[in-house]
Amino acid sequence: MKKWTGKVMAGTVAAAVLFGGIGGLATAPKAFADDDITYTVVPDASIPLHKRVDVGLTSVIVQASGIINMNVDDFKAELKKGKSISELARTSGVERSDLISRLVNPALERVDNALSQNRITEEEATQLKKEVTEKFSEAIDKSGYQDKFSGKYSKKLKLKTQVDEESVAKVLGITQNELDEAFSSGKTIADIAKEKGLNEDQVIAGLKDQLNDSLKAFINKK
């Protein structure tokens, strides 16, 4: 007879031994075997849906310019003139239906992949697929469309200083020709100021009126 050894038996197996004897092990449910345990992976809803799967709605211009084989900067420039993506595509010999298909299909594949990897639910997949079709269609037909990021139009704010060389030269105590020569040799305004015994704050103070004009234009820019 086979001998059983061991000090402690836990859970269901222990219960089977205590209440059914050794023979109880033979009839213990197989569901307790490790191989039969099923683990369900649930999508992490704490992560925003559009971060769990990127369907490409924030980069329509980049994708479309690649499809019609047009430089992205030139593409953006034409859109800023009021043209639509579908119009530019048609001019380049790409029909609207073909453009939509080539934009939408890869996005739908990303949704299916995210679903198979349990990053999104069935309901979320349906929502995304509807959104993909609608949003891409709206984007390519909208005049002057610009790519969006995180649901808002991306807007890079660049402060353009409007300080002329004459004013800079005057503050530094040199001529414009001397300023040009210094720039040509790779020097910065700060370098020239240091040579003249001036610090950065003194240069800024001397140019503040023009700098203020630039700042006012910057904060009022639409």
Side-chain angles (χ1 to χ4, degrees), residues 44 46-89 91-92 99 103 106-107 110 131 135-136 138-222:
D44 187 352
S46 67
I47 302 175
L49 177 57
H50 290 86
K51 286 190 176 181
R52 279 180 276 149
V53 51
D54 178 10
V55 293
L57 289 172
T58 59
S59 58
V60 180
I61 291 177
V62 174
Q63 295 178 69
S65 63
I67 291 173
I68 69 176
N69 194 30
M70 185 174 180
N71 178 276
V72 68
D73 289 329
D74 293 339
F75 196 69
K76 290 179 180 178
E78 290 300 312
L79 291 174
K80 287 181 179 179
K81 294 177 182 178
K83 296 181 180 179
S84 67
I85 293 175
S86 57
E87 182 181 352
L88 292 174
T91 302
S92 299
L99 176 62
L103 286 170
R110 295 190 192 103
E131 183 178 324
K135 296 297 184 181
F136 273 120
E138 291 174 5
I140 69 168
D141 291 330
K142 183 176 181 179
S143 299
Y145 177 83
Q146 295 297 311
D147 277 335
K148 298 178 181 180
F149 296 87
S150 302
K152 296 181 180 180
Y153 281 109
S154 172
K155 189 172 185 179
K156 294 183 179 179
L157 299 176
K158 295 182 179 179
L159 173 60
K160 297 182 179 179
T161 56
Q162 298 175 354
V163 180
D164 57 67
E165 289 190 4
E166 182 181 358
S167 297
V168 174
K170 184 176 180 180
V171 170
L172 294 173
I174 59 178
T175 65
Q176 283 186 251
N177 288 336
E178 290 174 326
L179 181 62
D180 290 336
E181 290 176 4
F183 284 154
S184 298
S185 65
K187 293 180 181 180
T188 64
I189 294 176
D191 292 332
I192 304 169
K194 187 176 181 180
E195 292 176 357
K196 297 296 180 179
L198 301 172
N199 58 40
E200 293 180 6
D201 290 336
Q202 288 174 308
V203 175
I204 293 173
L207 298 171
K208 69 176 183 179
D209 289 339
Q210 291 195 50
L211 290 174
N212 284 341
D213 289 340
S214 295
L215 285 170
K216 288 177 181 178
F218 174 70
I219 65 176
N220 287 290
K221 184 178 181 180
K222 293 182 179 180

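Throughout, residue positions are numbered sequentially from 1 according to the sequence presented.
The line from CD of E87 to OG of S92 is 10.5 Å long, rounded to the nearest 0.5 Å. Once rounded to the nearest 0.5 Å, the distance linking CD1 of I204 with CD1 of I189 reads 10.0 Å. Separation of atoms CD1 (I85) and CD (Q63) is listed at 9.5 Å; rounding is to 0.5 Å.
Residues that satisfy the salt bridge (Lys or Arg N to Asp or Glu O under 4.0 Å) test with R52, not counting sequence neighbours, are E124. Residues meeting the side-chain contact (heavy atoms from CB on, under 4.5 Å) test with Q202, sequence neighbours left out: L198, N199. In this structure, D54 has no side-chain hydrogen bond (donor to acceptor under 3.5 Å, both in side chains) partners at least two apart in sequence or on a different chain. Every residue two or more places apart in sequence or in another chain that forms a salt bridge (Lys or Arg N to Asp or Glu O under 4.0 Å) with E195 is listed here: K187.
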Fill in: Stepwise side-chain contact (heavy atoms from CB on, under 4.5 Å) check, K135 with V55
CA-CA 11 Å; K135 296 297 184 181; V55 293; over 6 Å; no
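Minimum interatomic distance between S143 and G82 (heavy atoms only, all atoms of both residues): CB-O, 3.2 Å. Closest of all the heavy-atom pairs between I192 and L172 is CG2-CD1, 3.8 Å. Listed here is the closest heavy atom pair of L179 and A169: CD2-N, 4.0 Å.
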Show which side-chain atoms of residues 72-79 pair as donor or acceptor with protein atoms under 3.5 Å away, not counting sequence neighbours.
{"residue": "E78", "atom": "OE1", "partner": "K83", "partner atom": "NZ", "Å": "2.8"}
{"residue": "E78", "atom": "OE2", "partner": "K81", "partner atom": "NZ", "Å": "3.1"}

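Residue pairs meeting the salt bridge (charged side-chain N to carboxylate O under 4.0 Å, His left out) criterion with at least one member in residues 170-181: none, sequence neighbours excluded.
Environment of CD in Q176: crowded, with over 12 heavy atoms of neighbouring residues, nucleotides or ligands closer than 6.0 Å. Other residues, nucleotides and ligands contribute only 12 or fewer heavy atoms inside 6.0 Å of the CG atom of N69.
Counting heavy atoms from C-beta outward, Y145 and I140 have side chains that stay 4.5 Å or more apart. In this structure, the side chains of L207 and S167 come closer than 4.5 Å at one or more pairs of heavy atoms.
Between D141 and S86, the side chains place a donor N or O and an acceptor N or O closer than 3.5 Å (distance only, hydrogens not considered).
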